[in-house]
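I have placed the structure first, in the form of structure tokens, so that the comments after it can refer back to it.
Numbers here simply count residues along the sequence, with the first being 1.
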Amino acid sequence: MHRKLLSLATAVTLSVGALLAAAAPAQAAESPSALCGSGYYVIDSHGLPGATTYLLYKSSGGGWNCVVTIKTADRGT
């Protein structure tokens, strides 16, 4: 089965939706790859006010996407 790569706009929408649905604050990570796991690499990013959203891709296993948003302002709050 062929998997389509998510557009950055779709990735941002999904990421923001996930942030709004989160019940507890996430632990800070050193990099987007650390959040997604082994084999993922950044293919696109988009700056937001106070955060950056990253779209990552992993080619093994048929191809997988991962989207993370990392806070860049007011960290720790």
Side-chain angles (χ1 to χ4, degrees):
M1 175 162 53
H2 182 264
R3 297 181 193 270
K4 286 187 174 182
L5 199 60
L6 289 176
S7 73
L8 185 56
T10 301
V12 169
T13 301
L14 292 173
S15 183
V16 170
L19 283 175
L20 295 175
Q27 293 292 327
E30 292 185 25
S31 71
S33 299
L35 289 169
C36 290
S38 177
Y40 283 92
Y41 59 93
V42 175
I43 60 171
D44 204 356
S45 64
H46 182 75
L48 302 168
T52 301
T53 296
Y54 299 90
L55 174 60
L56 295 89
Y57 181 73
K58 177 180 180 176
S59 59
S60 64
W64 297 92
N65 292 301
C66 178
V67 178
V68 296
T69 300
I70 299 178
K71 206 173 170 181
T72 56
D74 301 320
R75 295 184 73 150
T77 61

message = Contact between Thr53 and Thr69 at the side-chain level, heavy atoms closer than 4.5 Å - yes or no?
response = yes
Any pair counted as disulfide bond (SG atoms under 2.5 Å apart), so long as it reaches residues 30-77, sequence neighbours left out = Cys36-Cys66
key: Nearest-0.5 Å distance, OH of residue Tyr40 to OG of residue Ser33   = 10.5 Å
query = Looking at side-chain heavy atoms only, is the closest gap between Tyr57 and Tyr41 below 4.5 Å?
reply = yes
task = To the nearest 0.5 angstrom, please state how far the CG atom of Leu56 sits from the CG atom of Asn65.
result = 9.0 Å
ask   = How close do Ser45 and Thr52 get, heavy atom to heavy atom, and via which atoms?
value = CB-CG2, 4.2 Å
query = For Ser31 and Ile70, which heavy atoms make the closest approach, and how far apart are they?
reply = C-CD1, 4.2 Å
inquiry  = Among Val68, Val42, Val67, which residue satisfies the side chain to side chain contact (heavy atoms under 4.5 Å, CB included) criterion with Leu55?
reply    = Val67
